[in-house]
Amino acid sequence: MDKHTQKPIGRLILLVLLPILLLAPCGCAKEDNAPETASIATEQPTQTPEPEAKYDPANLQPGSRNDNDNTSDLWYPNGVQGSDYIYFTNALCSAGICYDRVEDGERVGGTMCAETEEMHLVNETDSSSEKIDIVFLDAFNCYDYVTGTWYSRGDLEAYNALFSDTVMAAENDATNTYTINADGTVTEMYEGEAYTGTWEIEANTRIVFRIDDDYDYRFDIVFNEDGSVDRLECWVDRTFRFVD
């Protein structure tokens with residue numbers, strides 16, 4: 001079967017499910033005892049004051065796994081893990097993102113978000129009691145102009161190192177592989193044909209393979225207890241593991 005005939009079926013399923021997912025209620029609040037997610041934390045180095053936005057928040061993946069649990073990535077001040085943090089969830093608002101702030105393990109504020117033309121993430125309405133003005137340097141580091149605080153949800157370089165120059169194969173078909181290169185390129189072998197593209201770590205538990213500029217395949221990263229990668233899982237029941 002031709003690859004470009006078969007694989008859009010998954011995308012059609014996604015288009016059918018998307019309205020259902022978007023209509024799911026978003027309370028914009030996380031339980032006080034927030035679940036732990038795999039994270040490689042690092043202290044944020046000194047940064048240039050008043051940074052410019054380099055990453056569009058419209059592309060932000062909050063990090064929630066596909067099992068319907070609220071497992072959004074936690075963003076720590078200066079990348080230092082503790083009981084103070086912020087997190088984002090998908091929401092029905094203009095930016096599609098909800099922001100929440102936690103102090104001493106307790107949620108103390110939150111707001112629906114909007115995005116400016118300069119790619120700043122701000123509170124959706126002026127009446128919101130929680131004021132934010134956040135710019136993203138990449139998918140893992142951001143800066144809030146309102147509080148003058150840097151936030152990080154992990155060490156992006158360390159995550160990249162976990163996958164650079166590796167090969168992963170499908171559990172049910174060892175000939176279906178992804179060769180993941182350190183330069184950000186990837187080659188997929190599927191039914192004897194090679195397809196090229198790029199790859200990116202989008203969240204602590206999310207990697208995307210962009211193949212032929214037409215297909216975005218997102219996988220959940222499943223970690224072992226020691227922090228090593230066990231496997232990649234896709235919502236259409238595809239599992240990939242490292243090739244020794």
Side-chain angles (χ1 to χ4, degrees), residues 3-4 7-8 10-11 14 37-45 47-48 51-66 73 75 79 88 97 119 121 135-143 150-170 173-224 227-236 238-244:
K3 168 192 174 76
H4 297 293
K7 290 203 169 181
R11 181 160 294 193
L14 179 60
T37 58
S39 176
I40 302 176
T42 181
E43 184 171 353
Q44 185 71 35
Q47 300 281 359
T48 303
E52 295 182 2
K54 297 182 179 179
Y55 186 86
D56 191 342
N59 299 324
L60 187 69
Q61 293 288 331
S64 297
R65 292 282 304 279
N66 290 333
D73 292 343
W75 299 66
F88 302 93
I97 297 173
M119 297 194 301
L121 197 66
V135 294
F136 293 86
L137 273 68
D138 51 41
F140 274 65
N141 298 283
C142 67
Y143 178 80
W150 284 97
Y151 292 96
S152 176
R153 59 171 159 180
D155 187 335
L156 183 56
E157 291 186 2
Y159 277 103
N160 286 335
L162 293 175
F163 293 92
S164 295
D165 296 326
T166 63
V167 178
M168 305 196 78
D173 181 4
T175 66
N176 183 193
T177 63
Y178 287 106
T179 299
I180 308 169
N181 304 309
D183 64 359
T185 61
V186 63
T187 299
E188 180 188 17
M189 290 299 299
Y190 183 80
E191 295 188 345
E193 298 289 335
Y195 302 89
T196 59
T198 60
W199 65 279
E200 179 186 359
I201 303 294
E202 292 186 312
N204 283 325
T205 55
R206 187 68 55 83
I207 187 172
V208 58
F209 300 113
R210 297 187 172 95
I211 304 299
D212 288 346
D213 296 324
D214 291 321
Y215 300 90
D216 288 358
Y217 300 117
R218 287 181 168 84
F219 288 86
D220 287 334
I221 306 170
V222 181
F223 290 88
N224 295 307
S228 62
V229 176
D230 180 63
R231 64 191 183 277
L232 301 181
E233 290 185 344
C234 183
W235 66 277
V236 291
R238 299 175 68 205
T239 299
F240 282 75
R241 297 183 185 273
F242 287 120
V243 176
D244 295 332

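Positions are given from 1 along the sequence. Quick note: numbers below take in every heavy atom, side chains included, and nothing from hydrogens, waters or symmetry partners. Small disclaimer: the values here were computed from a predicted structure and weren't measured.
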query = Do Arg241 and Asp230 sit within salt-bridge range, that is, some charged N less than 4.0 Å from a carboxylate O?
reply = yes
key: Partners meeting side chain to side chain contact (heavy atoms under 4.5 Å, CB included) with Met119 (sequence neighbours left out)   = Ala53, Asp56, Pro57, Glu115
query = Listed by chain and number, what are the side chain to side chain contact (heavy atoms under 4.5 Å, CB included) partners of Ala161, not counting sequence neighbours?
reply = none
For [X] versus [Y], what's the shortest heavy-atom pair and its separation?
{"X": "Pro51", "Y": "Leu137", "result": "CB-CD1, 4.0 Å"}
{"X": "Ala203", "Y": "Gln61", "result": "CB-O, 3.7 Å"}
{"X": "Ala174", "Y": "Thr177", "result": "O-CG2, 3.3 Å"}
{"X": "Gly154", "Y": "Tyr159", "result": "CA-CE1, 4.4 Å"}
{"X": "Ala169", "Y": "Val243", "result": "CB-CG2, 3.6 Å"}

Side chain of [X], backbone of [Y]: donor and acceptor closer than 3.5 Å?
{"X": "Arg153", "Y": "Ala139", "answer": "yes"}
{"X": "Thr205", "Y": "Gly63", "answer": "yes"}
{"X": "Asn181", "Y": "Asp183", "answer": "no"}

Roughly how far apart are [X] [atom1] and [Y] [atom2], rounded to 0.5 Å?
{"X": "Asp73", "Y": "Glu202", "atom1": "CG", "atom2": "CD", "result": "11.0 Å"}
{"X": "Asp216", "Y": "Arg210", "atom1": "CG", "atom2": "CZ", "result": "5.0 Å"}
{"X": "Ile97", "Y": "Leu60", "atom1": "CD1", "atom2": "CG", "result": "4.5 Å"}
{"X": "Asp173", "Y": "Glu191", "atom1": "CG", "atom2": "CD", "result": "8.0 Å"}

Any side-chain heavy-atom pair of [X] and [Y] under 4.5 Å:
{"X": "Asn176", "Y": "Glu188", "answer": "yes"}
{"X": "Trp199", "Y": "Asn160", "answer": "yes"}
{"X": "Ile201", "Y": "Phe140", "answer": "yes"}
{"X": "Asn204", "Y": "Ile221", "answer": "no"}
{"X": "Ile180", "Y": "Val167", "answer": "no"}
{"X": "Phe88", "Y": "Leu121", "answer": "yes"}

Aromatic plane relationship, Phe163 with Phe242 - under 30° parallel, 30 to 60° tilted, over 60° perpendicular = tilted
key: Aromatic ring pairing Phe240/Phe219, orientation class (parallel under 30°, perpendicular over 60°, tilted between)   = perpendicular
inquiry  = Could you walk me through whether Leu232 and Tyr217 satisfy the side chain to side chain contact (heavy atoms under 4.5 Å, CB included) test, starting with their C-alpha distance in whole Å, then the side-chain angles of each, then the deciding distance to 0.1 Å, before giving a yes or no?
reply    = CA-CA 11 Å; Leu232 301 181; Tyr217 300 117; over 6 Å; no
message = My understanding is that only one of Tyr178, Tyr215, Tyr195 makes a ring pair (Phe, Tyr, Trp, His ring centres under 6.0 Å) with Phe209; could you say which?
response = Tyr178
task = Tell me yes or no: between the side chains of Asn141 and Ser152, is some donor less than 3.5 Å from an acceptor?
result = yes
key: Residues Arg206, Asp220; criterion side chain to side chain contact (heavy atoms under 4.5 Å, CB included); working and verdict   = CA-CA 5 Å; Arg206 187 68 55 83; Asp220 287 334; 3.1 Å; yes
